[in-house]
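Presented below is the structure to which this report refers.
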Amino acid sequence: MQPQALPGFRDFYPTDLALREHIFRTWRRVAARYGFEEYDGPPLEPLELYTAKSGEEIVGQLYSFTDRGGREVSLRPEMTPTLARMVAARANGLRKPIRWFSIPQLFRYERQQRGRLREHFQLNCDLIGEPGHLADAEIVALAIDAVRAFGLGPEDVRVRLSDRRLLTALLQNLGVAETQVPVVWQVFDKLRRTPEEITAAKLSGAGIPGATVERLLGLARSRSWSDLPGLGPGLDAALARGEPLRRTLESLEAMGYGDYLDLDLGIVRGLAYYTGTVFELFDARGELRAICGGGRYDNLLQSLGGVDLPALGFGMGDVVLGELLRERGLVPEPGSSIDVFLAAITPDDLPHVLGLARELRDAGLRVEYALAPQAVGKQLKLADARSARLAVVVGPDDRARGEVMVKDLRGKAQESVARSAVRERLTSAVGRVG
RNA sequence: GUGGUUGUAGCUCAAUCGGUUAGAGCGCCGGACUGUGGCUCCGGAGGUUGCGGGUUCGAUCCCCGUCAGCCACCCCA
């Protein structure tokens with residue numbers, strides 16, 4: 001048995017890397033449209049960067065170890081603490097609001113499943129220094145565009161939005177005790193995967209009265225702002241805490257993203273530091289894991305870096321998105337790896353092929369030729385396999401006339417071209433500029 | 001971390017009741033084809049049936065262990 005990659009880690013063969021690069025390119029293009037600048041940080045961080053604020057869920061699955069200097073370290077499981085540190089260190093000098101993005105490789109030590117490895121790449125977009133709802137709308141819009149740019153529409157991807165301020169206020173108003181709130185959150189987090197009877201039983205089991213359970217289930221079923229009121233007396237006051245969410249939804253509708261959106265109080269998110277808006281993107285059929293998750297974390301920079309700046313952002317992983325693109329046939333066909341293949345008829349032609357290769361490569365063309373003597377048919381077969389657009393056949397007869405044969409491999413056509421005009425002819429045919 | 005399930009060629013799969021030399025398609029390499037590719041035809045390489053042990057005259061097949069994938073939990077970047 002040959003050694004293989006560690007469980008949960010991927011080898012990227014050229015076709016795999018092509019998809020990965022397609023995803024990265026698209027992400028970068030969309031982030032740029034929103035005026036976001038790219039940054040990066042270290043893949044290995046002090047363990048305490050995560051144990052401090054991230055919450056049990058992440059800490060329990062850190063890819064951590066002791067380094068040779070005796071330091072407790074961890075591969076980064078998320079980018080936000082690194083970002084918070086970087087921003088806090090230069091907070092005074094950075095023009096607000098800060099719009100930054102990154103595509104870090106993140107790591108978690110957990111048992112892998114489909115769509116969930118020990119390593120993945122994640123688009124992280126964060127908007128720092130703006131507390132208002134337009135920032136929330138901007139971030140959600142960016143997340144939507146980051147999938148829309150691949151050709152995914154509202155029938156493919158849904159956005160579910162909630163707000164911790166609103167949910168907390170609603171629970172308070174319903175008389176849910178402080179100690180029961182974590183239980184309710186946990187139950188809400190599983191709503192989509194749990195039959196309603198079981199959800200109800202869990203809530204009752206936590207000591208919540210039957211009438212309150214009914215109203216909690218009503219809240220959980222709400223899919224739009226207008227579903228929320230009218231659930232009972234006393235809720236109106238709590239709904240006031242939902243103003244930011246309501247305005248965020250309104251703004252997104254004004255941008256034309258309304259058909260992607262669902263209100264969903266079942267969106268809780270595991271990370272402890274979220275303070276307001278929380279949202280996730282899912283495939284519309286509900287077959288895959290979340291594509292993206294994010295929210296507002298207004299206190300994190302304060303607690304991590306001592307700088308009081310409101311912030312929000314999201315992370316979007318390459319694994320689930322890649323699966324969705326494959327399922328929907330949205331993975332682009334691989335392009336050709338070369339523009340021109342050079343074929344030598346006789347060993348005497350080889351030096352001329354080499355010289356031409358140098359000239360064409362300098363001109364920016366992608367050029368390949370056979371590295372061992374082969375029959376012309378064989379060489380052209382390789383040219384074809386490489387999806388080269390053009391081939392140049394260099395033979396003694398043509399050479400004697402100061403010419404070479406240029407073939408268009410997409411058809412049958414070929415013509416003699418003066419050696420001195422080859423470069424110009426090929427560069428204009430390919431349309432590639434070095 | 002817990003439970004279930006599946007591991008046969010690079011890929012997708014086959015192999016009778018447990019039966020002796022584990023096959024096919026695709027892909028790869030070579031030939032037909034020494035100045036012309038895609039098509040076709042012919043040939044070849046490639047397997048310790050994930051690994052280790054057990055039962056048996058005999059194991060791809062049955063049993064145990066282990067590793068890996070998948071699924072469900074846990075949890076969710």
Side-chain angles (χ1 to χ4, degrees), chain A residues 1-11 13 15 50 54-63 74-82 102-124 186 189-190 192-194 267-271 280 282 287-295 313-321 341-349 370 372-400 403-416:
Chain A
M1 205 57 193
Q2 291 180 6
Q4 46 187 315
L6 289 168
F9 286 79
R10 296 171 286 175
D11 289 324
Y13 289 84
T15 52
Y50 307 110
S54 293
E56 285 303 309
E57 300 85 347
I58 278 195
V59 172
Q61 296 174 132
L62 286 175
Y63 211 115
S74 176
L75 290 165
R76 59 186 175 196
E78 54 164 339
M79 200 57 178
T80 310
T82 300
S102 189
I103 307 182
Q105 189 173 25
L106 305 178
F107 307 85
R108 303 193 67 178
Y109 197 90
E110 62 178 347
R111 178 171 288 205
Q112 69 160 326
Q113 274 182 48
R114 185 182 182 205
R116 182 193 195 184
L117 310 174
R118 287 183 171 180
E119 146 276 320
H120 74 152
F121 291 90
Q122 190 185 67
L123 171 66
N124 267 250
Q186 206 177 10
D189 195 30
K190 292 178 182 38
R192 293 265 173 175
R193 309 183 290 278
T194 312
I267 298 301
V268 173
R269 310 276 312 145
L271 297 177
E280 296 187 346
F282 291 86
E287 294 163 350
L288 305 173
R289 293 164 190 285
I291 299 165
C292 168
F314 68 83
M316 178 181 295
D318 71 312
V319 179
V320 177
L321 178 61
F341 194 98
L342 309 182
I345 305 258
T346 71
D348 288 342
D349 301 310
Q374 284 174 333
V376 185
K378 194 103 188 235
Q379 297 182 60
L380 290 175
K381 195 170 275 196
L382 181 55
D384 196 56
R386 294 280 202 259
S387 306
R389 247 178 87 184
L390 298 158
V392 177
V393 180
V394 180
D397 301 345
D398 305 280
R399 221 155 27 79
E403 293 176 337
V404 294
M405 196 64 80
V406 174
K407 288 179 65 73
D408 183 343
L409 290 171
R410 291 175 304 186
K412 276 279 188 192
Q414 66 176 20
E415 62 176 325
S416 289

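Quick note: numbers below take in every heavy atom, side chains included, and nothing from hydrogens, waters or symmetry partners. Here is how names work: the chains are called A, B, and so on, in the same order as the sequence lines, proteins then strands, and each is numbered from 1.
- You'll find that the side chain of A:Q61 is closest to B:C75, out of B:G35, B:C75, B:A77.
- Counting any heavy atom pair closer than 4.0 Å across all strands shown, A:L390 reaches no nucleic acid atom.
- Among the nucleotides B:C71, B:G35, B:A77, the one closest to any side-chain atom of A:Q122 is B:A77.
- One atom, CZ of A:F341, and another, P of B:G38, lie 14 Å apart when rounded to the nearest Å.
- Residue contacts shown for A:R76 are absent, as no nucleic acid heavy atom lies under 4.0 Å away.
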N/O contacts under 3.5 Å, protein versus nucleotides 1-10 of chain B?
| residue | atom | partner | partner atom | Å |
| --- | --- | --- | --- | --- |
| B:U2 | O4 | A:R111 | NH1 | 3.3 |
| B:G3 | O6 | A:R111 | NH1 | 3.4 |

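- For B:A68 and B:C29, the P atoms lie 34 Å apart once the distance is rounded to whole Å.
- A donor-acceptor contact under 3.5 angstrom links the side chains of A:Q113 and A:R289, judged on distance only.
- Checked by atom type and distance alone, the side chain of A:Q122 never pairs as donor or acceptor with a backbone atom of A:I103 at under 3.5 Å.
- Rounded to the nearest Å, the gap between the C1' atom of B:G1 and that of B:U8 is 31 Å.
- Across the interface with RNA chain B, nearest-nucleotide mapping of A:E119 and A:G395 shows A:G395 to be the residue nearer the 5′ end.
- Scanning atom types as modelled, one donor and one acceptor separated by under 3.5 angstrom connect the side chain of A:Q414 and the base of B:U36.
- A:Q186 has a side-chain polar atom (N or O) that falls below the 4.0 Å cut-off from OP1 or OP2 of B:C75.
- Of the candidates B:U36, B:G38, B:C71, B:U36 carries the atom nearest the A:V376 side chain, counting heavy atoms from C-beta on.
- A distance of 7.5 Å separates CZ of A:R386 from CZ of A:F341, quoted to the nearest 0.5 Å.
- Separation of the C1' atoms belonging to B:U12 and B:U55 is 34 Å when rounded to the nearest angstrom.
- For the C1' atoms, the distance linking B:C17 with B:G7 amounts to 23 Å, nearest Å.
- B:A77 atom P lies 19 Å from atom CD1 of A:I103, rounded to whole Å.
- In this structure, A:K190 does not reach the B:C73 phosphate: none of its side-chain N or O atoms is under 4.0 Å from OP1 or OP2.
- Note: A:N124 CG to A:E78 CD = 8.5 Å, rounded to the nearest 0.5 Å.
- Nucleic acid contact class of A:M79 (heavy atoms, under 4.0 Å, all strands): none.
- Taking atom P on both nucleotides, B:U2 is separated from B:C62 by 26 Å, rounded to a whole Å.
- The side chain of A:R108 approaches B:A77 more closely than any other nucleotide in the set B:U36, B:A77, B:G35.
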Chi angles and distances behind the salt bridge (Lys or Arg N to Asp or Glu O under 4.0 Å) call for A:R10, A:E119
CA-CA 8 Å; A:R10 296 171 286 175; A:E119 146 276 320; 2.6 Å; yes

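- Residues satisfying the side chain to side chain donor-acceptor pair (under 3.5 Å) criterion with A:S416, sequence neighbours excluded, are absent altogether.
- Look at the P atom in both B:A24 and B:G43: the space between them is 11 Å, to the nearest Å.
- Counting non-hydrogen atoms under 4.0 angstrom, A:G8 reaches the backbone sugars and phosphates but no base.
- Taking CG of A:L123 as the start and CG of A:D318 as the end, the distance is 10.5 Å to the nearest 0.5 Å.
- We find the CG-CD distance between A:D398 and A:E403 to be 6.5 Å, quoted to the nearest 0.5 Å.
- For A:V394 and A:R289, each mapped to the nucleotide of RNA chain B holding its nearest heavy atom, the one lying further toward the 5' end belongs to A:V394.
- Taking the P atoms as reference points, B:U48 lies 13 Å from B:C11, given to the whole Å.
- Taking A:R111 as the reference, nothing meets the side chain to side chain donor-acceptor pair (under 3.5 Å) condition, with sequence neighbours excluded.
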Identify each atom pair where a protein N or O and an N or O of nucleotides 30-34 of chain B are less than 3.5 Å apart, giving names and distance.
| residue | atom | partner | partner atom | Å |
| --- | --- | --- | --- | --- |
| B:G30 | OP1 | A:K378 | NZ | 3.1 |
| B:G30 | OP2 | A:K378 | NZ | 3.3 |
| B:G30 | O5' | A:K378 | NZ | 3.3 |
| B:G31 | OP2 | A:K378 | NZ | 3.0 |

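- Remark: the separation of the P atoms in B:C70 and B:C13 is 15 Å, to the nearest Å.
- The list of salt bridge (charged side-chain N to carboxylate O under 4.0 Å, His left out) pairs with a residue in residues 404-414 of chain A, not counting sequence neighbours, reads A:D408-A:R410.
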Given the rule in the side chain to side chain contact (heavy atoms under 4.5 Å, CB included) test, do A:R108 and A:R116 qualify, once you have shown the distances and angles that lead to the verdict?
CA-CA 10 Å; A:R108 303 193 67 178; A:R116 182 193 195 184; over 6 Å; no

Let me have RNA chain B in dot-bracket notation, would you? Count Watson-Crick plus G-U wobble pairs, both distances under 3.5 Å, and use [ ] for pairs crossing earlier ones and | for inter-strand partners.
(((((((..((((.....[...)))).(((((.......))))).....(((((..]....))))))))))))....

